[in-house]
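Below is one structure, written out as structure tokens; the observations come after it.
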Number of protein chains: 2
Amino acid sequence: MGVMEKVARRTRDAAAQATPLPLDQIVMADCIAAMRALPAKSVDMIFADPPYNLQLGGDLNRPDGSHVDAVTDAWDKFDSFAHYDAFTRAWLAEAHRVLKDDGTIWVIGSYHNIFRVGAAVQDLGYWILNDIVWRKANPMPNFKGTRFTNAHETLIWASKGEKARYTFNYRSMKTLNDELQMRSDWEFPICGGGERLKRDGVKVHPTQKPEALLYRVLLACTKPGDVVLDPFFGTGTTGAVAKRLGRHWIGIEREADYCAAACQRIEAALPLDERALATMQSPKAQPKVAFGVLVENAYLTPGAMLTDAKRRHRAMVRADGSLASPCGATGSIHKLGATLQGAPACNGWTFWHYEADGALRPIDALRQTYLLATQP
Amino acid sequence: MGVMEKVARRTRDAAAQATPLPLDQIVMADCIAAMRALPAKSVDMIFADPPYNLQLGGDLNRPDGSHVDAVTDAWDKFDSFAHYDAFTRAWLAEAHRVLKDDGTIWVIGSYHNIFRVGAAVQDLGYWILNDIVWRKANPMPNFKGTRFTNAHETLIWASKGEKARYTFNYRSMKTLNDELQMRSDWEFPICGGGERLKRDGVKVHPTQKPEALLYRVLLACTKPGDVVLDPFFGTGTTGAVAKRLGRHWIGIEREADYCAAACQRIEAALPLDERALATMQSPKAQPKVAFGVLVENAYLTPGAMLTDAKRRHRAMVRADGSLASPCGATGSIHKLGATLQGAPACNGWTFWHYEADGALRPIDALRQTYLLATQP
DNA sequence: TACGCGCATGAATCAGGCA
DNA sequence: ATGCCTGATTCATGCGCGT
């Protein structure tokens, strides 16, 4: 079967006559027009990854001189916040009509757009159930050192109203999270490796989402056989995961290139083997604690003195978690330890000690105390 | 000294005449009126923890003064959102006026209000720099098992405009985070234990923020001696941490109970020793040294050869501090480095190396030596 | 085959001072 | 406002290549 044969091309009028849902198909059209053609209260869940309206300045180069490939596509350009808001409210209103009364909607965004989206969601009568933070395990750094590393994106999960009886598979989520309630912060790597769709070595879509993210969303809020609509289908992550999990899907996408890639991808996706489900859970990472966190949380006070085990070196703890030696040298626990010893590297956690009850103890002991106090 | 003596009671008119800032004081008044009484462009940072209000019922009134007793139908919802938006825009506008042009504002909230706050921030011309996620190490579980555990709150950090030159202590944040860039997701325990203010065993304020959170905010975005304004002061976490870190603070709070608790708490807070307050400085803060100065002072001799770390490029030092490549290209250390690499820019200090004791060392090391020898 | 090294790259609102 | 010069700045991951 040809790749494009499953892509339904519809004019708005033709689509309006089609009563049955275009299940497991891609509708190549503008999302507002395409949603208008769908019956009211017909889908169980909507997952939407709308344009973020990034407002990027000039070129950005890495410290090594290489160029950052930014999102410059026309579909992300809006003239003003007012235009973006109008667009947002239009598609959210249509989504509200199409969604079943007990269905829910998910929208993902970044600080560029998510506040406007969230306000529109509330204004249109949706009832926000959670905001979810996708913590990126491997975000792009802030190359110029001008801000905090932008290391997360935000998802909004909402029902059609306060009293809607939505689907939430509490047990599935708890099982997935090692028998602890699933929290509102999720950690996943960004989409890369073999999962990232490429054509001639170039990424097909600039913002392809990881399947693990959609997997959790669909597992949490839909039942097998449910219909999931994605009005900004892109390269079809939602469709691929829905097929794997035995859910029906409808994708709406304007760009022919994206439609073709999505169609091919979903064709190749295989419904999930039950045994594979268990192996999808990533082991919980060993929590890391930065030395500065101990200062912030008053386990050590700025001004406190540290020494090495043999009291050959001394250093004072400063407000930002750096150390200052009486000789004038400063640096992190690792760097200053290395400097004072003339060594290329040093594990500051075991090198530096603090005095308690007349005895020297490594600062690593404080880290263990902190972990015990904060980890469930 | 009595607890309340430091609390300045001001009517709006009386305050309007007061030109000097009420530094290190609590102003017991409505925050919008109190901010109106402050001079324009007078504070370096604002930290705001506004009421969340929505969907909790209770103290919500319509613009006409009538009471909203239940937020049930869509119309009431819209009505209350509009009211909350008006309040939000009013205090954010006043904050914009009071803030110095190169100052920044922080606002914290949850999904109940943060989307409305964020949209207002953008609409008022603030430029969002980051949104920050406070991941709670020990959140309250979702008892009914109907949603994800609400385990985070969101902070928005914004400047007064796109081109503002705000304070961001990059090196301090990197040091605090074990020599990795500080990310946009921060983990802290919720406020409890001895830090939590209680009276007769009952918590004084329902949403007291942890000091560790304010510690990081103030350390990241202010300098010692800066003025920090908190228009929703509550029990004064911002003031207590500001005092500890050697920053001035101004607190605005309507409730006398909170003012009293905050005043007592801040009285008891101890400022850090000045030396402990010192933090890691960015190279930007160091005095500049022109490469030619090193040649003048015979740290390098004209005619000496430099290479990059991988010995792919070579250049000769000339008498005026410019470099000449064997291929004929010439220029400053930066310009020639960029030219030879075909890069848009280059930091010559770290790109070019000289040979000493059989090893390559960056010429930046010579600059450090020069600085140590010449700085008092 | 295994391991190490080099290189590429990801939704990014990414510089500042002076002439 | 514009242009020019100086010079500060990156983390995790995957893939290809060489030993």
Side-chain angles (χ1 to χ4, degrees), chain A residues 49-73 75-78 81 108-114 134 136-154 189-196 198 201-203 205-210 232 234 285, chain B residues 102 122 126-131 157-159 161-166 168 170-171 174 177-184 281-286 288-292 310 321 331-335 337-338 343-352 363-364 367:
Chain A
D49 181 11
Y52 285 11
N53 188 26
L54 299 183
Q55 295 159 58
L56 305 178
D59 283 357
L60 179 63
N61 294 302
R62 297 183 173 81
D64 67 6
S66 64
H67 184 254
V68 175
D69 183 22
V71 178
T72 52
D73 306 69
W75 49 254
D76 198 46
K77 296 265 189 295
F78 293 83
F81 281 137
I108 183 168
S110 67
Y111 68 84
H112 309 86
N113 70 323
I114 199 65
W134 166 29
K136 300 182 183 184
N138 47 351
M140 179 152 57
N142 181 291
F143 296 115
K144 302 293 187 189
T146 55
R147 304 178 178 191
F148 299 98
T149 302
N150 192 6
H152 74 276
E153 294 189 23
T154 302
I190 59 177
C191 181
E195 189 185 323
R196 187 84 193 211
K198 297 192 177 178
V202 179
K203 60 189 175 189
H205 194 285
T207 70
Q208 186 182 337
K209 294 293 175 286
F232 305 95
Chain B
D102 290 337
Q122 291 180 310
Y126 290 103
W127 189 250
I128 297 183
L129 299 166
N130 277 115
D131 61 333
W157 177 41
S159 69
E162 184 176 357
K163 301 197 172 160
R165 293 195 300 273
Y166 53 89
F168 178 56
Y170 176 74
R171 277 301 327 172
K174 189 165 175 176
N177 195 38
D178 249 358
E179 293 299 321
L180 288 179
Q181 286 191 338
M182 187 68 80
R183 298 167 39 116
S184 57
Q281 294 300 306
S282 136
K284 287 175 198 165
Q286 293 177 3
K288 283 188 189 176
V289 178
F291 180 67
K310 296 176 185 171
S332 69
I333 54 171
H334 313 296
K335 196 148 199 177
C346 168
N347 181 349
W349 290 108
T350 52
F351 178 74
W352 292 109
I363 57 175
D364 193 43
R367 178 168 61 161

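Every chain is numbered from 1 and lettered A, B, ... according to where its sequence line falls, protein lines coming before strand lines.
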Practice problem: Calculate the interatomic distance between B:E162 atom CD and D:dA1 atom P; express it in whole Å. | Solution: 14 Å
Practice problem: Would you mind reading off the distance between B:K335 atom NZ and D:dG3 atom C1', rounded to a whole angstrom? | Solution: 12 Å
Exercise. Please check if the distance between the ring centroids of B:F168 and B:W157 is under 6.0 Å.
Key: yes
Would you tabulate the pairs of protein nitrogen or oxygen atoms and nucleotide nitrogen or oxygen atoms of nucleotides 1-9 of chain C closer than 3.5 angstrom?
residue : atom : partner : partner atom : Å
C:dC7   : OP2  : B:K310  : NZ           : 3.0

Quiz item: Is a donor on one side and an acceptor on the other found under 3.5 Å between the side chain of A:D64 and the backbone of A:S66?
Solution: yes
Exercise. Indicate, with a heavy-atom threshold strictly under 4.0 Å, whether B:K174 touches base, sugar-phosphate, or nothing.
Key: sugar-phosphate
Practice problem: Using the closest heavy atom to pick a nucleotide of DNA chain C for each, name whichever of B:A164 or A:A70 lands nearer the 5' end. | Solution: A:A70
Quiz item: Is there side-chain contact between A:F148 and B:Q181, with heavy atoms separated by less than 4.5 Å?
Solution: no
Exercise. Mind checking A:N142 for me? I need base, sugar-phosphate or nothing, with any heavy atom below 4.0 Å counting as a touch.
Key: base
Quiz item: C:dA11 base to A:K209 side chain: any donor-acceptor pair below 3.5 Å?
Solution: yes
Quiz item: Is the aromatic ring of B:W127 within stacking range of C:dT13, meaning centres under 5.5 angstrom and planes under 30 degrees?
Solution: yes
Practice problem: Could you go through the ring-ring contact (aromatic ring centres under 6.0 Å, His included) check for B:F291 and B:W352 one step at a time? | Solution: CA-CA 11 Å; B:F291 180 67; B:W352 292 109; 9.4 Å; no
Exercise. For C:dA12 versus D:dT6, give the span between their P atoms, rounded off to a whole number of Å.
Key: 31 Å
Could you go through residues 51-58 of chain A and list every donor-acceptor pair under 3.5 Å that involves a side-chain atom there, pairing it with any protein atom two or more places apart or in another chain?
residue : atom : partner : partner atom : Å
A:Y52   : OH   : A:E153  : OE1          : 2.5

Quiz prompt | P spacing across the pair C:dA11 / D:dT9, given as an integer number of angstrom | solution = 25 Å
Practice problem: Can you tell me the distance, in whole Å, between the NZ atom of A:K144 and the C1' atom of C:dA15? | Solution: 8 Å
Quiz prompt | Residue pair B:I333 / B:F351, side-chain heavy-atom distance below 4.5 Å | solution = no
Practice problem: Check whether any side-chain heavy atom of B:K174 sits under 4.5 Å from a side-chain heavy atom of B:L180, and report yes or no. | Solution: no
Quiz prompt | B:N177: partners by side-chain hydrogen bond (donor to acceptor under 3.5 Å, both in side chains), with sequence neighbours left out | solution = none
Quiz item: Would you say D:dT10 has OP1 or OP2 under 4.0 Å from some side-chain N or O of B:R183?
Solution: no
Exercise. Quick one: label A:P210 by what it contacts on the DNA or RNA (base, sugar-phosphate, nothing), any heavy atom closer than 4.0 Å.
Key: nothing
Quiz item: Has the side chain of A:D49 got a donor or acceptor atom that lies under 3.5 Å from a matching backbone atom of A:F232?
Solution: no
Quiz prompt | Nearest-angstrom distance, P atom, D:dC5 to C:dC14 | solution = 24 Å
Quiz item: If you pin A:M140 and B:G348 to their nearest nucleotides in DNA chain D, which one's is more 5'?
Solution: B:G348
Quiz prompt | Runs of at least three Watson-Crick or G-U pairs with DNA chain C, cut-off 3.5 Å | solution = C:2-10 with D:11-19, C:15-19 with D:2-6
Quiz item: Is the shortest side-chain N/O distance from B:Y170 to OP1 or OP2 of D:dT10 below 4.0 Å?
Solution: yes
Quiz item: Under the 3.5 angstrom rule, does the side chain of B:R183 hit a backbone N or O of A:T149 as a donor-acceptor pair?
Solution: no
Quiz item: Which part of the nucleic acid does A:D49 contact within heavy-atom distance under 4.0 Å: base, sugar-phosphate only, or nothing?
Solution: base
Practice problem: Quick one: label A:T207 by what it contacts on the DNA or RNA (base, sugar-phosphate, nothing), any heavy atom closer than 4.0 Å. | Solution: base
Quiz item: Considering only C:dA12, C:dA11, D:dA8, which nucleotide approaches the side chain of A:N150 most closely?
Solution: C:dA12
Quiz item: Atom CG of A:D59 to atom C1' of C:dA15: distance rounded to whole Å?
Solution: 15 Å
Exercise. State which of C:dC14, C:dT13, D:dT9 makes the closest approach to the side chain of A:L56.
Key: C:dT13
Self-check item: Shortest non-hydrogen contact between A:W134 and A:P189, atoms and distance
Solution: CZ2-O, 3.8 Å
Quiz item: Is there a side-chain polar atom (N or O) of B:N347 under 4.0 Å from OP1 or OP2 of D:dT6?
Solution: no
Practice problem: Could you verify whether a donor N or O on one side chain and an acceptor N or O on the other, from A:H112 and A:S110, lie under 3.5 Å apart? | Solution: yes
Exercise. Please tell me if the side chains of A:K136 and A:N150 come closer than 4.5 Å, counting only heavy atoms from C-beta onward.
Key: no
Practice problem: Looking at every strand, decide which applies to B:Q181 at a 4.0 Å heavy-atom threshold: base, sugar-phosphate, or nothing. | Solution: sugar-phosphate
Exercise. Answer with base, sugar-phosphate or nothing: what part of the nucleic acid does B:S332 contact at a heavy-atom distance below 4.0 Å?
Key: sugar-phosphate
Practice problem: Sugar-phosphate atoms are those with a prime plus P, OP1 and OP2; base atoms are the rest. Using that split, label each nucleotide of nucleotides 12-19 of chain D B, S or - for protein heavy atoms under 4.0 Å, 5' to 3'. | Solution: SSSS----
Practice problem: Take atom C1' in C:dT13 and the same atom in D:dG7, then report the distance between them in whole Å. | Solution: 23 Å
Quiz item: Which label fits C:dT13, syn or anti, where anti is any glycosidic angle not within 90° of 0?
Solution: syn
Exercise. Write down the distance between CZ (B:R171) and C1' (D:dT9), rounded to a whole number of angstrom.
Key: 11 Å
Practice problem: Report the distance from atom CG of B:N177 to atom C1' of D:dC11, rounded to the nearest whole Å. | Solution: 12 Å
Quiz item: Mind checking what makes ring-ring contact (aromatic ring centres under 6.0 Å, His included) contact with A:F78, not counting sequence neighbours?
Solution: A:Y84, A:F87
Practice problem: For A:K209 and A:T207, indicate whether the former's side chain and the latter's backbone hold a donor-acceptor pair under 3.5 Å. | Solution: yes
Quiz item: How long is the line joining CZ of A:F148 and C1' of D:dT9, in whole Å?
Solution: 17 Å
Quiz item: B:C346 near the nucleic acid: base, sugar-phosphate alone, or nothing, with a heavy-atom cut-off under 4.0 Å?
Solution: base
Quiz item: Just to confirm, is there a sub-4.0 Å distance from OP1 or OP2 of D:dT6 to any side-chain nitrogen or oxygen of B:H334?
Solution: no
Quiz item: Rounding to a whole Å, what distance do you find between B:K163:NZ and C:dG16:P?
Solution: 12 Å
Practice problem: Looking only at side-chain atoms of A:V71, point me to the closest of C:dA11, D:dG7, D:dT10. | Solution: C:dA11
